[in-house]
Amino acid sequence: MTGPERREIEQKWQQRWQDDRIFAVDLAKADHKFYHLNMFPYPSGNLHVGHWYNFAVSDIAARAVRRQDKTVFNPMGFDAFGLPAENAAIKHGLDPAAWTEQNISSMRTQLQSTGASFDWSKEIATCRPDYYRWTQWMFLFMYQHGLTEKREAPVNWCPKDQTILANEQVVGGKCERCGSEVILKKLPQWVFKITDYAERLLKDVDALDWPEKTKTMQRNWIGRSEGAYVEFSLADTPDTRLKVFTTRVDTLYGVTYLVVAPEHSLTPKLTAEGHTEAVEAYVESASHKSELERTELQKQKTGVFSGSYAIHPLTAEKLPIWIADYVLATVGTGAVMGVPAHDERDWEFAKKHDLLIVAVIHPATGEVNANQVVTEPGKLINSAEFSGQTSEEAKQTIVAKLKELGLGQPAVTYRLRDWVVSRQRYWGAPIPIVYCGTCDTVPVPAAELPVLLPTDVDFKPTGESPLARSESFSHTTCPRCGNAARRETDTLDTFVDSSWYFFRFLSPDNTAAFTDQALAKKWLPVDLYIGGAEHSVLHLLYARFFTKVLYDHDLSPVSEPFQKLRHQGTILGPDNQKMSKSKGNVVDPDALVAEHGADVVRSYLAFMGPYNQGGPWHQGGLVGVERFFNRVERLVIESAAASSEVGDSAGRERHSVIKKVTEEIAELRFNTALAALMAWANNLEKRGASREDQEALTSLLNPFAPHLTEELWQHLGHEPYLALAAWPEFDNSLTVEDRVIVVVQINGRLRGSFETQRQQSEAALIRQARQIEAIQHYLTGEPKKTIVVPDKLINFVI
RNA sequence: GCCGGGGUGGUGAAAUUGGUUAUACACGAAAGACUUAAAAUCUUUUGGCCGCAAGGCCGUGCGGGUUCGAGUCCCGCCCCCGGUACCA
């Protein structure tokens, strides 16, 4: 078949699948559910090869499972809020809604052209009012349960996008979207208190069937650390206490100074007379530095003395308090105790600023050395009654003592920070809050949702939300007292939209609730979730958080949304770079499909290499797949089937191929599954295919080449659809050859081999091996040792 | 720096728990068949070196080691990719 011929039959079958709605699932009736989900795409308007890799290749797994006595729900939708639409609006004066819907409709067509077996009857798009109504409802739900609040917070500010980014959205100190250097700024923002769930988000990672790598990343991101809070009274105002967090309370006697972050709320109070100017200048300069600059680049530890002192809780010594930006306000308590002898950062800081260094730990290995920082634990010295204890013991005993004095307690902190969800952007779900002069902050009643996005909006980014400039939107009445009031004009981070969409797919038209509870109970969790590794932290963590919150209030049947997760790799341009328009290395799948057909393109992508690996696009091997399909066609159509099995081993080969392909697809190892089919087809071509062979070959190839195989299936005299026909079965006892080749080694070197019946005794195998002439030549006496691997090899050591 | 993952032919890549002769399956290349010709298809060859051949030697980033046996395990090193960032 030529490419255009393929296109013709592909369009025919796609039309039939669509007309007969064969992939639409009646969720209420279905048995043996299998929720197959791809991370839904942003509707950029153009499908590139990477999309094909995600959606068309993972469809192979969905199609195989569907035929294995499962009802597969494989929905598709669009993560449709976000910056590109707004940028298009700013640049070209387009309406973001219309622009997005147009992209959706062209992407839908393109996605259908892949032959992927999506259930389009459940399509969602997060930018539609019937969806974001429930995103807003989620916000209110969080509000109701005390999991959201407006908080003045130092936030990452992207000067180019004029918006705030969550800490997690800052990549290497730069804006994840545009790459601009991010600066710190203090603004009132709505946050979700994801840190309330830190412990559970951490603990529940263990039981997930996810790549170990991804689980490790989640754990590291949450970053639990165990230690203690220690409180230091100020020398001048003993009522005021400075609280620090430390994981090394065993080094408490080595504290020679304290450091607070420049943004710490006590900084002004701590600044003593005569130091104001220096401190203010320092705080000012620190605000211009990004977190990255402060924490990473800086080898030189800058800082300024505040002029005030704190009292050591156990020795009552006076400790100077410094302001330094290597301490971050958002981490721990925003203040640390300086133990230069036993912490590298403190050591550097103390050396630079001539602060006292007191060693209090004798390292387990080596000697106390005044010129060296010792970070490993050991035995305490110079620590009053605690001297002689190990670090481990002292961590307990010192905290106990502090607790007794009311100056400390054990504590656990997390690296995870609360999730700032406010965005000063137009194209997102408006935050459903009203500010009233009398009633203060009032949530919009759920019945009044959605709070619709206005259309009379000036999009230009000024740092203020575009919605603030819409009179019709910002002016409203208070839902509580009816007086004139003002709406919140920020919109929600798009990660909020995608944190609950897998619930919505189950009942996208539901107007009574965000999802149908009976269906949720039946269909969740997602059985297989497939998406890029770049979402290892953010999206997956947020979705888990949402699911847990809903679970806690009986609105989710599960506390984890994604039972099994797998990543697909990234397809790079031929130049081994990420595909992008500016680099001109984007591979256009439409042209490939026009020339070779969808079956060839999706199968070639599957054949390229391990699915989780991705790699640069090379077109070279594409023709190999095309040739293979032509060979299959010949095997099924042109050559008459051998009337019966050609022999016992032919049947065995078929059974073992069925087994292999079935197992490989289940593990998403599409490349080796296809290789097994190719190798088998090569053999069939030589020996002739039986009717059973032809059917099995067609059937097994179906997930890869769904169109071609429907055609062949029909040719074999079956009714459509192969897409719904039972998956071929195999008899495990027939998947192994009854004869094996056993190799014979002398000292690990291959010297001969013989074919024999499998599963023989060691003695029988050795006897046969010794009959080989070449072996007799080497093996004159008794071997020193004989190793026998049943059915495989014999090694005589002489 | 740290944490993950990886380094196998000209190319994409195979190889249960260490167990055959590493390199399956493809691509590319070379030669041949068919053809007026081309395309398509088919056949053969294709890790390197030496050799007319038989055959031999070397070979999974580099150097050691364990083992009867190592692509697979251990130690040290080099390089590439992803994540992360002074976390107290």
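Just so it is clear, the structure is predicted and the values come from calculations on it, not from any experiment. By convention in this document, chain letters (A, B, ...) are assigned in the order of the sequence lines, proteins followed by strands, and residues within each chain are numbered from 1.
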Of the options G12(B), C3(B), A24(B), whose atoms approach the side-chain atoms of H618(A) most closely? G12(B)
Base, sugar-phosphate or nothing for V623(A)? Non-hydrogen atoms, less than 4.0 Å. sugar-phosphate
Interatomic distance where CE belongs to M337(A) and P belongs to A88(B) [whole Å]: 12 Å
With a 4.0 Å cut-off on heavy atoms, is R631(A) in touch with a base, just the backbone sugar-phosphate, or nothing at all? sugar-phosphate
N795(A) side chain, from C-beta outward: closest of A26(B), G19(B), C42(B): G19(B)
Does the side chain of N682(A) get closer than 4.0 angstrom to OP1 or OP2 of A26(B) through an N or O atom? yes
Mind checking whether F607(A) and F628(A) have ring centres under 6.0 Å apart? no
d(NZ, K215(A); C1', G5(B)) in whole Å: 17 Å
Is it the case that the side chain of H342(A) and the backbone of T251(A) share a donor-acceptor pair, with hydrogens and angles ignored and the cut-off at 3.5 Å? no
Spacing of the C1' atoms in C42(B) and G47(B) (rounded, Å): 26 Å
Checking contacts here: which listed nucleotide (A88(B), C68(B), C25(B)) is nearest the side-chain heavy atoms of I787(A)? C68(B)
Of the candidate nucleotides A14(B), A88(B), A26(B), which contains the atom at the shortest distance from the side chain of T672(A)? A14(B)
Any base atoms under 4.0 Å from N630(A), or only sugar-phosphate, or nothing? Heavy atoms, all strands. nothing
So what does D343(A) hit on the nucleic acid, given a heavy-atom distance under 4.0 Å: a base, only sugar-phosphate, or nothing? nothing
Does the ring center of F349(A) lie less than 6.0 Å from the ring center of W322(A)? yes
Using atom CG of L622(A) as one end and atom P of A26(B) as the other, report the distance to the nearest whole Å. 15 Å
If you define the side chain from C-beta out and look only at heavy atoms, does anything of Y326(A) sit under 4.5 Å from D346(A)? yes
Taking a pair as Watson-Crick or G-U wobble with both distances under 3.5 Å, which nucleotide is matched to G82(B)? C3(B)
Taking atom P in both G69(B) and A88(B), what distance in whole Å separates the two? 47 Å
Measuring only the P atom in each nucleotide, how far is U72(B) from G9(B)? A whole number of Å is fine. 15 Å
Would you classify G9(B) as syn or anti? Syn applies when the glycosidic angle is within 90° of 0. syn
Checking A13(B), A88(B), C25(B) against the side chain of S225(A) (C-beta onward), the nearest is A88(B)
Can you tell me how far P of U41(B) sits from CZ of F629(A), to the nearest Å? 15 Å
Using the P atom as the reference point in each nucleotide, state the distance between G7(B) and C73(B) in Å, no decimals. 11 Å
Checking base pairs now: Watson-Crick or wobble, both atom distances under 3.5 Å. What partners U67(B)? none
Please report the distance, rounded to the nearest Å, between OH in Y326(A) and C1' in A85(B). 16 Å
Mapping A676(A) and V789(A) onto RNA chain B by nearest heavy atom, which one lands closer to the 5' end? V789(A)
Base-pairing assignment for U72(B) (Watson-Crick or G-U wobble, both under 3.5 Å): none
What distance, rounded to whole Å, do you find between the two P atoms, one in A31(B) and one in A38(B)? 13 Å
Flag side-chain contact, heavy atom, 4.5 Å: L319(A) against M337(A): no
If you check the L793(A) side chain, which of C3(B), G19(B), G12(B) turns out closest? G19(B)
Test item: Y414(A) side-chain N/O and D196(A) main-chain N/O as donor-acceptor pair under 3.5 Å: no
Strand partner of U43(B), provided both Watson-Crick or wobble distances fall under 3.5 Å: A31(B)
Hey, does F628(A) reach any base, or is it just sugar-phosphate, or nothing, if we go heavy atoms under 4.0 Å? nothing
Pairwise P distance, G71(B) and G82(B) [rounded to whole Å]: 30 Å
So if I take every side-chain heavy atom of R627(A) and compare against C42(B), C87(B), G28(B), which nucleotide ends up nearest? G28(B)
Shortest side-chain distance from Q613(A), nucleotide among C68(B), C27(B), A13(B): A13(B)
Using Watson-Crick or G-U wobble geometry with both distances under 3.5 Å, which nucleotide pairs with C25(B)? G12(B)
Please state the P separation for the pair A39(B) and A22(B) - nearest whole angstrom. 37 Å
Give the nucleotide from the list A26(B), C42(B), A14(B) with an atom nearest to the side chain of P610(A). A14(B)
CG of L677(A) versus P of A14(B): gap in Å, rounded? 16 Å
If only side-chain N and O atoms of N671(A) are considered, is one of them under 4.0 Å from the OP1 or OP2 phosphate oxygen of A14(B)? yes
Y604(A) or R415(A), whichever maps to the more 5' nucleotide of RNA chain B: Y604(A)
Which whole-number value in Å describes the distance from Y414(A) OH to A88(B) P? 13 Å
For Q568(A) and V57(A), what are the C-alpha separation, side-chain angles and deciding distance, and is it a side chain to side chain contact (heavy atoms under 4.5 Å, CB included)? CA-CA 9 Å; Q568(A) 88 275 330; V57(A) 178; over 6 Å; no
E663(A) and R669(A): salt bridge (charged side-chain N to carboxylate O under 4.0 Å, His left out), yes or no, with the steps? CA-CA 9 Å; E663(A) 289 172 355; R669(A) 287 194 292 255; over 6 Å; no
Rounded to whole angstroms, how far apart are CD1 on I222(A) and C1' on G83(B)? 15 Å
Using the P atom as the reference point in each nucleotide, state the distance between U84(B) and U66(B) in Å, no decimals. 42 Å
Does the side chain of R631(A) pick up a donor-acceptor pair with the side chain of N682(A) at under 3.5 Å? yes
Return the nearest nucleotide to the side chain of W221(A); candidates are A26(B), A85(B), C87(B). A85(B)
